[in-house]
Novice: 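Let me begin by handing over the structure; questions about it come next.
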Amino acid sequence: MRVSREELLKSFEQTLPTLQTLVAGKDDATLDFLTGTERWSIREILAHLVDDEMYVMRTRMERMIKEDCPTLAPHDEQKWFAQRNTSRDGLDQLLEDFALQRNASLGMLKMLRESDWQRPGHQPEYGYFSAEEWLGNWVEHDRVHIRQIEENLKEYESTR
């Protein structure tokens, strides 16, 4: 079943309040708890969401709106994450940074014309997709990481 653009945008707008609720009052031990060697901590997931919002997700959408069917470079998130600047990884800073970046993304998305939503892009891992389909990928990306945070919280609580 196809999800409407309006539903996608509502979900997109709910990511920040959902994250804020999930991590409210969590201490460093909770935020840094690792559930496995190949998994990220809650703090690392939040940092990834900030970085992806600013450097990947919105950038791809901007290119699709401004360019004719751009080829969008793959993103090696593991390599990026290993080299990222961690100086703003306090919980309040991560939430503030995500809020700033998400609000910028929302502002851009709310300005799109109907024709903009149909503009195509190409990414070697995903093939061809429209701006509206990219929004669906973006929302699913949020959901995946929200579920990871929820799982990390459950696992952390089970160890106490």
Side-chain angles (χ1 to χ4, degrees), residues 1-65 72 75-112 116-117 123 126 129-160:
M1 182 169 105
R2 186 179 179 285
V3 178
S4 73
R5 185 182 321 141
E6 292 75 25
E7 291 171 308
L8 289 172
L9 287 168
K10 282 181 187 177
S11 181
F12 193 79
E13 289 176 324
Q14 287 305 306
T15 298
L16 176 60
T18 299
L19 292 172
Q20 290 168 325
T21 299
L22 284 172
V23 301
K26 301 301 183 214
D27 61 13
D28 288 340
T30 305
L31 296 173
D32 296 326
F33 175 74
L34 291 171
T35 61
T37 56
E38 298 297 317
R39 304 277 306 271
W40 284 349
S41 69
I42 292 170
R43 186 185 315 273
E44 291 168 332
I45 293 167
L46 292 172
H48 167 73
L49 286 168
V50 170
D51 291 347
D52 258 25
E53 189 79 12
M54 186 173 6
Y55 297 117
V56 180
M57 308 306 270
R58 188 173 65 239
T59 301
R60 286 180 178 170
M61 182 67 83
E62 288 171 347
R63 288 198 55 213
M64 291 172 67
I65 302 308
L72 306 166
H75 174 66
D76 183 342
E77 65 185 26
Q78 297 295 334
K79 181 180 177 186
W80 168 261
F81 195 80
Q83 300 172 359
R84 67 178 295 281
N85 179 352
T86 60
S87 66
R88 289 192 54 85
D89 282 359
L91 179 58
D92 290 343
Q93 293 168 321
L94 288 168
L95 291 174
E96 288 171 16
D97 289 349
F98 185 77
L100 178 72
Q101 295 306 321
R102 180 52 54 107
N103 285 332
S105 298
L106 275 167
M108 177 194 63
L109 294 172
K110 288 179 178 182
M111 289 176 39
L112 296 182
D116 293 332
W117 287 105
Q123 208 272 349
Y126 304 120
F129 48 86
S130 68
E132 186 165 354
E133 290 169 325
W134 183 245
L135 175 61
N137 290 341
W138 202 342
V139 167
E140 183 56 26
H141 178 260
D142 287 355
R143 289 177 180 155
V144 164
H145 290 301
I146 287 169
R147 284 191 300 270
Q148 287 175 334
I149 290 171
E150 291 168 338
E151 290 167 9
N152 281 13
L153 289 169
K154 285 179 189 171
E155 287 190 45
Y156 180 75
E157 288 303 316
S158 73
T159 66
R160 297 183 57 109

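We're numbering straight along the sequence, starting at 1. The structure presented is a predicted model; accordingly, all values stated were derived computationally and were not measured.
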Novice: Could you go through Val50 and Tyr55, starting from their C-alpha distance and side-chain angles, then the distance that decides it, and tell me whether this counts as side chain to side chain contact (heavy atoms under 4.5 Å, CB included)?
Specialist: CA-CA 9 Å; Val50 170; Tyr55 297 117; over 6 Å; no
Novice: If you take all heavy atoms of Phe12 and Ser105, which pair is closest and at what distance?
Specialist: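 That would be CZ-CB, 3.9 Å.
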Novice: Side-chain contact, heavy-atom cut-off 4.5 Å: Glu155 with Arg39?
Specialist: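 The answer is yes; the side chains approach within 4.5 Å.
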Novice: Within a strict 4.5 Å, meaning less than it, do heavy atoms of the Leu46 and Phe98 side chains meet?
Specialist: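 Not in contact.
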Novice: How close do Thr30 and Leu153 get, heavy atom to heavy atom, and via which atoms?
Specialist: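 The pair with the smallest heavy-atom distance is CG2-CD2, 3.6 Å.
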Novice: Would you compute the distance between atom CD of Gln123 and atom CZ of Arg63 and round it to the nearest 0.5 angstrom?
Specialist: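 One finds 10.5 Å between CD of Gln123 and CZ of Arg63.
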Novice: Any side-chain heavy atom of Leu72 sitting closer than 4.5 Å to one from Phe129?
Specialist: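 When only atoms from C-beta onward are counted, Phe129 and Leu72 do touch, with a gap below 4.5 Å.
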Novice: Among His141, Gln101, Arg102, Arg58, exactly one meets side-chain hydrogen bond (donor to acceptor under 3.5 Å, both in side chains) together with Glu53. Which residue is that?
Specialist: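 When His141, Gln101, Arg102, Arg58 are each tested with Glu53, the side-chain hydrogen bond (donor to acceptor under 3.5 Å, both in side chains) holds only for Arg102.
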Novice: Locate the shortest heavy-atom distance separating Val23 from Leu95; write the atom from each residue and the value.
Specialist: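 Val23 and Leu95 have their closest heavy atoms at CG2-CD1, 3.9 Å.
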Novice: So which heavy atom on Ala47 is nearest to which on Leu94, and how close?
Specialist: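 Taking every non-hydrogen atom into account, CA-CD2, 3.7 Å.
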Novice: Between Arg147 and Glu140, is the closest basic N to carboxylate O distance under 4.0 Å?
Specialist: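 Judged by the 4.0 Å cut-off on N to carboxylate O distance, Glu140 and Arg147 do form a salt bridge.
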Novice: Out of curiosity, Leu49 CG to Met54 CE, how far, rounded to the nearest 0.5 Å?
Specialist: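 Reported value, rounded in 0.5 Å steps: 12.0 Å.
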Novice: Atom CG in Leu112, atom CD1 in Ile65: separation rounded to 0.5 Å?
Specialist: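 Here the rounded value is 4.5 Å.
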Novice: Just so I know, are the side chains of Trp138 and Met61 near enough to count as touching, which here means a heavy-atom distance under 4.5 Å?
Specialist: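 Side-chain contact under 4.5 Å: yes.
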Novice: State, yes or no, whether a side-chain contact exists between Leu135 and Leu9 at a heavy-atom distance under 4.5 Å.
Specialist: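 The answer is yes; the side chains approach within 4.5 Å.
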Novice: Quick check for you: to the nearest 0.5 Å, what is the distance between Ile42 atom CD1 and Asn152 atom CG?
Specialist: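 Interatomic distance, Ile42 CD1 to Asn152 CG, rounded to 0.5 Å: 5.0 Å.
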Novice: Between Asp28 and Arg43, is there a side-chain heavy-atom distance shorter than 4.5 Å?
Specialist: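 Yes. Closest side-chain heavy atoms under 4.5 Å.
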Novice: Would you please classify the geometry between the His145 ring and the Trp40 ring as parallel, tilted or perpendicular, with 30° and 60° separating the classes?
Specialist: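 Geometry flag for His145 against Trp40: parallel rings.
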Novice: Distance check, rounded to the nearest 0.5 Å: Asp97 atom CG versus Asp89 atom CG?
Specialist: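 Asp97 CG to Asp89 CG: 9.0 Å, rounded to 0.5 Å.
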Novice: Heavy-atom distance under 4.5 Å between the side chains of Asp51 and Val56, does that happen here?
Specialist: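 Of all side-chain heavy-atom pairs linking Val56 with Asp51, none is under 4.5 Å.
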Novice: Looking only at non-hydrogen atoms, find the nearest pair between Met57 and Trp134 and report the distance.
Specialist: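 Taking every non-hydrogen atom into account, O-NE1, 3.2 Å.
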Novice: With the side chain counted from C-beta on, respond yes when Lys110 and Glu13 share a heavy-atom pair under 4.5 Å apart, and no when they do not.
Specialist: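 In short, these two side chains touch, coming nearer than 4.5 Å.
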Novice: Evaluate the ring planes of Phe33 and Tyr156, with Trp represented by its six-membered ring, and classify them as parallel (under 30°), tilted (30 to 60°) or perpendicular (over 60°).
Specialist: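 Answer is perpendicular, since the angle exceeds 60°.
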Novice: Would you sort out whether Gln14 and Asp142 count as a side chain to side chain contact (heavy atoms under 4.5 Å, CB included), showing the intermediate values?
Specialist: CA-CA 10 Å; Gln14 287 305 306; Asp142 287 355; over 6 Å; no
Novice: Which atoms form the tightest heavy-atom contact between Leu16 and Ala99, and what is the distance?
Specialist: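 Taking every non-hydrogen atom into account, CD2-CB, 3.5 Å.
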Novice: Applying side chain to side chain donor-acceptor pair (under 3.5 Å) as the test, list every pair that has at least one member in residues 16-26; sequence neighbours left out.
Specialist: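 Every pair satisfying side chain to side chain donor-acceptor pair (under 3.5 Å) with a residue in residues 16-26: there are none.
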Novice: Roughly how far, to the nearest 0.5 Å, is the CG atom of Asp32 from the CD atom of Glu44?
Specialist: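 The CD atom of Glu44 sits 7.5 Å away from the CG atom of Asp32.
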